[in-house]
Amino acid sequence: MENIDTQSRRSFLKSSVLAGGGLMLSLTWFSKAKAAEKIPELNLSEHWSELSSYIKITTDNIIKIFCPNPEFGQNVMTSLPMIVAEELDADWKNVVVEMSPHDNVKYGSQFTGGSNSVRMYWQPLRNAGATARQMLIEAAAQTWGVPAAEITTKSGILSHSSGKSAKYGEVADKAATLPVPKDVKLKSPKDFTIVKNSKKNTEGSKIVTGKPLFGMDYRVEGMMIAMIQHPPAFGMKLKSFDASQALKMPGIKDIFSFKLYDDGFEQASFDTRTFNELIAIVGKSTWEVMNARKKLIVKWENAPETKEIINGWGGRKTELIIPSGLESTSVQLAKMQEMAKMPAQQYRKDGDPETAFKNAATIIERTYNAPFLAHNCMEPMNFFAHVEADKALVAGPIQAPGWMEPTLAKILNLPADKIEIQMTRMGGGFGRRAYAQYVYEAARISQKVKAPVKLIYSREDDMTYGIYRPMYTATYRAALDANKNLIAFHVKGGGIPENPIHANRFPAGAIDNYLAEGWEIRSNITIGAFRAPRSNFNAAAEQSFLDEVAEAMGKDPIDFRLDLLKRAKENPVGKNNEYDADRYAGVLNLLKEKSGWGKPENSGKKRGVAAYFCHNSYAGHVVDMVIRNGQPYVEQVTSAIDCGVVVNPDAAINMVQGAVVDGIGNAFYGALTHKDGVAEQNNFHNYRIIRHNEAPKKIDVHFVKNDIDPTGLGEPPFPPVFGAVANALYKMEGRRYYNQPFNSGFS
Amino acid sequence: MTKYSLKINGKIQQVDVEPSTPVLWVLRDHLNLTGTKFGCGMGMCGACTIHLDDAPVRSCSLPVSTVGKQAITTIEGLSVNGTHPVQKAWIEHDVAQCGYCQAGQIMSAAALLKETAATNRSNLSDEDIDNYMSGNICRCGTYLRIKEAIKSAAGK
Ligand code: FES
Ligand code: FES
């Protein structure tokens, strides 16, 4: 017996049905004030009985399930409703899915990112389904006059041994009036019939027929189009502008400059400030705005050092000094080399690494570098805003609606409950859309022009705005004794402006003498989370380094890792080791088996392996590389993943395949470099994204089968791709690749 | 501003726009056909792919003044109710992740199949598909499924 947790208690609301198809709310667990403001949608043509915030049922047995989290391609609009439907014992054929409104009281954090959607909602959604099922059973029991315990459910049908049966829709009205049960029994994973069975994307047919799903497609009557002009270089700001010519262009309504945050504004953790003063160009249509923009005459000047006040999680206030200056990649690299020699902050130390290195017979030391990366979501940043005197509606692609709401309220000087946020489907996110400055910009613009506005970034705006994956470096050192035993391990990592260190991850815990240190260099180039933050660099560097260490020790790279994991399990070093050595080893063993690791390789094909733990899950890949048209090409990949229960297997395979393709693309080609503050790549002609002909022919995905609660999948398969590619390149060319992107080193 | 009569998805549509306006923005802003997507605006990503007569064209780089009498087909007009073999194959293989690139992918794939049928070629190799499709970026990396879907649509 498992109990409903507090969150889903709050999310349950009891409703009673009124004549004429209305719903009257009576609330059990969440605040009455909130409910009074939020009347659930009433669809007059249908009669919906609301069994919880997540579930509505019609008399003709259609079950509507609300997806709490915004969709960016990870397929939550299918997987999350599947979890509800499973415990509800619904007939999946009768399920329709709708994006839920933004309401953190009813739906929890509603944050898409950190591979957390399924992980966070697993329990609440199971409870929601099981509770509604119990209410339906109770309604049938009362109707039939039989004990509830004698009623069974299957595929949306209630049955009793007497031969009585009813569809859910027939008793849903009554069920909605019943008290919400406190303790409901959840299914055992072995009884799952929906979860663990592949279901097609619930939005698949809308996607292939071009329905308006995305923020870019959002429109209302009388809506204006807006674009922004940001400084051409990081470290610059607006000096003055002359819009007289631009304003004469057809369709243009207004051109003005505005500040994103007022002076002294306290930013929340994800309120990135790249360019605080921008020019807005507002007009009737996109092309007219684009054309008028070309007629703007703008003078820019170097920006001074600025101070940011960050009011972070838990009210932790910090002041951040953002340096002035026009930065260039070559100078940044040199600075990083300098910093790497300086004392750094120590994050973890086990044993006595200094002495171990002093006594070593062999020391291997390697340095790895990686550039800024642009997220390049397929759908450029955009948002709709309609700000009025006493309320606001904003709609579009956003990963963290709950984080932006307080900032939006402050910026617009409106109470948060007067701001309605609608989440559209996102054309990719990759972390970028957790930073909502484009929402604030849209809101500022709408407030100024007093009209509904859709702000659109061009690809160039999007790519040169910052919020990149940080620039990273790390130096790894390994000490071997005379018998080639690994006796000490040292990682010292740094970055602009964030360091990559995960001090408590593998191989910490497996080596007696261990040291992890980090340092950072401030910059006016802004950064943000990028699919598996920090891990996406660490897995490249560390997994490549371990390959080299294994070779120096004369060990097979997989067996070498397995030996370390055995040590970490049987006799772990230190505390706080983040990973589960068994699950990590499980993935490596599965990989070994499925890839046929260790069998002789044919001369043309070379293999590399890597595995990594991040975001609560374990992933590894073996890549098979060949030379094609004179260039290294990853022809085939075998992947092994342990993410616990796989909710929607075929979609999960799709996501892993996508992560592999994304990883190969970024490892080979991804780079955003700067010259005097100007981004040197600004569209797909000079920022190379992996294409059809460069993707592997085959990616075989295997999951470790277990019944562990799901631990997340969007990010974990991505980081180890980099390391596996690097290790295959070494096999292919006999030299190591230490600097990303690797194609800059191709001969 | 100039008036244009365009044949779009079998219907004649009138628009009054500046001659340099790319067909992409005519579709999206003036005709509310938002299935055709904006990705790069410079012919590099294929998100905006439409058919001009039977040929796949990047609508972001196609001024409306150059269309003339050629028929435009967009994702909304590729079939009634998504029944084109390519659309059906896309569902069968559950291709989409975020889905933003897929209208462009489907329009390119549909054009490829039409060309293949016209030349009586029965078999599409991986290389044929790569060559034809490499102008269409998928940032989510759904390339393998796109290829499978094209092959299965071609087999029907
Ligand atoms: S938007 Fe036309 S090719 Fe990218
Ligand atoms: S499915 Fe997201 S870009 Fe292709």
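Here is how names work: the chains are called A, B, and so on, in the same order as the sequence lines, proteins then strands, and each is numbered from 1. On a predicted model such as this, the values are computed, not experimentally measured, just so you know.
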TODO: Measure from NZ or CZ of A:Arg531 to the centre of the six-membered ring of A:Phe718, then state whether that distance is under 6.0 Å and the direction lies within 45° of the axis.
DONE: yes

Task: Lys/Arg cation over aromatic B:Trp25: A:Lys284, 6.0 Å, 45° cone - done: no

Residue among [options] with most heavy-atom pairs under 4.5 Å to chain B:
| options | result |
| --- | --- |
| A:Asn654, A:Ile664, A:Val208 | A:Asn654 |
| A:Met216, A:Lys697, A:Arg219, A:Glu460 | A:Arg219 |
| A:Val660, A:Ile225, A:Asn376, A:Asn75 | A:Asn376 |
| A:Arg459, A:Lys200, A:Met655 | A:Lys200 |
| A:Gly658, A:Ala695, A:Pro212 | A:Gly658 |
| A:Met290, A:Glu203, A:Glu71 | A:Met290 |

Pick whichever of [options] has the most heavy-atom pairs under 4.5 Å with chain A.
| options | result |
| --- | --- |
| B:Ile146, B:Thr142, B:Ile129, B:Leu33 | B:Ile146 |
| B:Gly39, B:Gly82, B:Gly135 | B:Gly39 |
| B:Cys101, B:Pro22, B:Gly35, B:Cys140 | B:Pro22 |
| B:Met42, B:Glu76, B:Gln102 | B:Met42 |
| B:Asn136, B:Ile137, B:Ile75, B:Ile106 | B:Ile137 |
| B:Ala103, B:Gly99, B:Ser79, B:Ser134 | B:Ser134 |

Taking side chain as everything from C-beta outward and backbone as N, CA, C, O, which of these in [X] sits under 4.5 Å from a heavy atom of chain A? Side chain, backbone, both or neither.
| X | result |
| --- | --- |
| B:Glu18 | side chain |
| B:Asp94 | both |
| B:Glu148 | neither |
| B:Lys88 | neither |
| B:Val95 | backbone |

Between [X] and chain B, with a heavy-atom cut-off of 4.5 Å, which part of the residue counts as in contact: side chain, backbone, both or neither?
| X | value |
| --- | --- |
| A:Asp461 | neither |
| A:Asp462 | neither |
| A:Gln74 | neither |
| A:Val661 | side chain |
| A:Ile689 | side chain |
| A:Pro250 | neither |
| A:Leu213 | neither |
| A:Gln657 | both |
| A:Met426 | backbone |
| A:Phe72 | backbone |

TODO: Kindly say whether B:Gln70 contributes a backbone atom to a donor-acceptor pair with the side chain of B:Asp53 at under 3.5 angstrom?
DONE: no

Task: Main-chain N/O of A:Asp624 paired to A:Glu635 side chain as donor or acceptor, under 3.5 Å - done: no

Using side-chain heavy atoms (C-beta onward) and a distance below 4.5 Å, is [X] in contact with [Y]?
| X | Y | answer |
| --- | --- | --- |
| A:Asn201 | A:Ile207 | yes |
| A:Ser458 | A:Met463 | no |
| A:Met378 | B:Cys138 | no |
| A:Ser639 | A:His621 | yes |

So which atom in [X] and which in [Y] form the shortest heavy-atom distance, rounded to 0.1 Å?
| X | Y | result |
| --- | --- | --- |
| B:Pro63 | B:Pro19 | CB-O, 3.8 Å |
| B:Ser59 | B:Thr36 | OG-CG2, 3.6 Å |
| A:Thr464 | A:Ala679 | CG2-CB, 3.8 Å |

Open item on the list: More than 12 heavy atoms of other residues, nucleotides or ligands under 6.0 Å from CG of B:Asn81: yes or no?
Closed with: no

Open item on the list: Quick check on A:Lys93: does its NZ atom have over 12 non-hydrogen neighbours (other residues, nucleotides or ligands) under 6.0 Å away?
Closed with: no

- [ ] May I ask you to decide if the ring planes of B:Tyr143 and A:His692 are parallel, tilted or perpendicular, using 30° and 60° as cut-offs?
- [x] tilted

Open item on the list: Tell me if the aromatic rings of A:Phe530 and A:Phe430 count as close, with their centers under 6.0 Å from one another.
Closed with: no

Task: Identified salt bridge (Lys or Arg N to Asp or Glu O under 4.0 Å) counterpart of A:Glu379 within the set A:Arg425, A:Arg433, A:Arg432 - done: A:Arg433

